[in-house]
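Structure first, commentary second.
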Amino acid sequence: MDVSNPQGSWFDGKVVALAGGVGGAKLAHGLAQLLPPEQLSIIVNTGDDFEHLGLMICPDIDTVLYNLAEVNHPVQGWGRANESFRVLEEAQRLGHDPWFLLGDKDIALHLLRRSMLDAGLSLTEVTRNLARRLGVWHPVLPMSDQPVRTVIITPEGEMPFQEYFVRRRTKPTMLGMRLAGLHAARASKSVQEALQAADGIILCPSNPFVSIGPILSLPGVREWITSKPTIAVSPIIGGQALKGPAAKMMKEQGMAVSALGVAQYYADLIEGFVLDEADSSLAAEVKRLGITPFVTDSIMRNKSERRRLATKVLQFLKQLTGAIEV
Ligand code: FO1
């Protein structure tokens with residue numbers, strides 16, 4: 001991975017990115033093309049994790065790992081490229097309902113994770129081990145080593161996140177959400193250390209509720225973030241989410257479905273906000289919130305566009321950290 005920067009450092013100091021889902025993984029990959037592992041840590045949502053077929057599935061961790069390793073599925077963003085489904089096909093033949101698509105290569109990773117968790121390693125240790133096996137050197141940090149599980153509250157009752165997201169394809173109205181296990185969870189030691197050492201924080205273009213929200217809910221995390229220069233990249237462009245149900249969820253929560261709505265949601269955490277060119281007309285309103293807007297093309301269609309957006313985001317963060325006294 002080319003991390004050379006002949007003009008000097010892309011950023012002076014350490015950057016922490018908060019991510020979950022495909023949008024977050026794409027920007028994390030862009031940042032990892034620019035910053036060496038000592039300068040970039042990625043804190044990942046584990047609220048989507050669940051036990052399935054005896055395996056521990058960690059979709060957001062795996063999406064970040066696969067994207068950083070450049071082995072992700074090129075279209076869907078999650079899962080592996082050049083995947084086969086022999087195991088799932090046979091499980092289906094034996095009567096299993098294959099509502100959650102697990103490919104053979106993906107299952108191999110889940111088997112290794114299962115065996116390491118069973119041997120008593122923490123999720124942080126297991127993720128570090130899996131990252132190395134995939135050739136990923138940047139710290140990919142699960143937000144917590146204790147289980148925190150996102151539960152979506154719908155008119156039909158409560159649904160575990162993957163039940164709502166995959167099996168029900170986000171069809172039920174989201175009335176709210178809760179995080180089961182949060183009372184007994186804390187940010188992992190590695191997450192705490194990364195946040196304490198951070199010179200700048202980036203909230204990736206991930207779903208604010210179900211991807212970034214669980215990380216922010218852990219005790220102390222909001223306080224660390226507010227004490228550091230922080231920017232967010234809008235996951236909403238032109239009133240729509242590029243991927244996933246963020247826009248639908250915002251509407252159902254009674255929020256403005258726009259980049260401005262996201263800026264308002266993060267208003268007490270961020271000093272800077274990255275909006276797409278399609279939303280340049282909202283920049284003045286973002287400014288009125290006391291947040292510095294930065295308008296750029298924020299769509300990441302390929303590897304070089306991930307790197308391009310990451311470059312812009314780091315330049316913006318650098319400019320803001322110069323202006324903010326920490
Ligand atoms: N998303 C789907 O929409 N359908 C699936 O069958 C599916 C399987 C899957 C398997 C492994 C994995 O790591 C992710 C998977 N995802 C699937 C994506 C995942 O459920 C969501 O993208 C995240 O939880 C939302 O961030």
Side-chain angles (χ1 to χ4, degrees), residues 17-29 42-69 71-89 91-92 96-114 123 126-127 130-131 134 136 140 142-143 147-152 159-172 174 177 179-180 203-216 235-236 241-249:
L18 272 58
V22 174
K26 285 182 174 182
L27 184 59
H29 179 221
I42 303 140
I43 300 176
V44 186
N45 172 44
T46 57
D48 297 10
D49 297 6
F50 77 128
E51 289 253 2
H52 187 60
L53 294 171
L55 303 171
M56 174 60 74
I57 317 291
C58 304
D60 287 355
I61 292 173
D62 294 347
T63 301
V64 170
L65 289 179
Y66 291 158
N67 275 270
L68 262 59
V71 297
N72 59 287
H73 189 284
V75 178
Q76 63 200 19
W78 52 266
R80 296 286 304 260
N82 305 314
E83 185 60 293
S84 55
F85 291 87
R86 301 286 302 274
V87 173
L88 202 64
E89 281 156 18
Q92 182 173 20
H96 167 72
D97 172 6
W99 65 275
F100 193 79
L101 293 177
L102 286 176
D104 297 335
K105 292 180 188 176
D106 202 21
I107 289 173
L109 183 105
H110 296 313
L111 290 173
L112 293 174
R113 176 182 286 129
R114 175 83 279 159
L123 186 61
V126 171
T127 304
L130 293 174
L134 286 162
V136 172
V140 176
M143 66 184 199
V148 176
R149 299 290 175 257
T150 300
V151 177
I152 305 295
M159 287 181 198
F161 182 77
Q162 297 298 343
E163 196 76 25
Y164 162 82
F165 191 90
V166 175
R167 202 201 280 263
R168 300 296 307 278
R169 302 189 185 284
T170 71
K171 290 245 163 58
M174 176 179 164
M177 61 181 267
L179 297 169
L203 309 184
C204 288
S206 301
N207 186 309
F209 309 110
V210 294
S211 296
I212 304 294
I215 309 176
L216 298 177
I236 301 287
L242 280 185
K243 198 170 187 345
K248 177 178 180 282
M249 287 178 171

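Every value quoted in this text rests on a predicted model; they were computed, and no experiment measured them. Both ligands and their constituent atoms are indexed starting at 1 by order of listing.
- Within the 4.5 Å cutoff, no side-chain heavy atoms of P59 are placed close to those of W78.
- Closest approach of L27 and P205 over heavy atoms only: CD2-CD, 3.6 Å.
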Query raised in the report: Going through the distances and angles, do R113 and D49 end up as a salt bridge (Lys or Arg N to Asp or Glu O under 4.0 Å)?
Result: CA-CA 13 Å; R113 176 182 286 129; D49 297 6; over 6 Å; no
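- How far OG1 of T150 is from OH of Y164: 11.5 Å, rounded to the nearest 0.5 Å.
- Residues P235 and S206 share a closest heavy-atom pair of CG-O, 3.3 Å.
- Taking the centre and axis of the six-membered ring of F50, the NZ or CZ atom of R149 falls outside the cone set by 45° and 6.0 Å.
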Between the protein and ligand 1, which nitrogen or oxygen pairs come in under 3.5 Å, and how far apart is each?
{"from": "ligand 1", "atom 1": "6 (O)", "to": "L101", "atom 2": "N", "distance (Å)": "2.8"}
{"from": "ligand 1", "atom 1": "20 (O)", "to": "Q162", "atom 2": "OE1", "distance (Å)": "2.8"}
{"from": "ligand 1", "atom 1": "20 (O)", "to": "Q162", "atom 2": "NE2", "distance (Å)": "3.4"}
{"from": "ligand 1", "atom 1": "24 (O)", "to": "D48", "atom 2": "OD2", "distance (Å)": "2.7"}
{"from": "ligand 1", "atom 1": "24 (O)", "to": "Q162", "atom 2": "NE2", "distance (Å)": "2.9"}
{"from": "ligand 1", "atom 1": "26 (O)", "to": "D48", "atom 2": "OD2", "distance (Å)": "3.1"}
{"from": "ligand 1", "atom 1": "26 (O)", "to": "D60", "atom 2": "OD1", "distance (Å)": "2.9"}

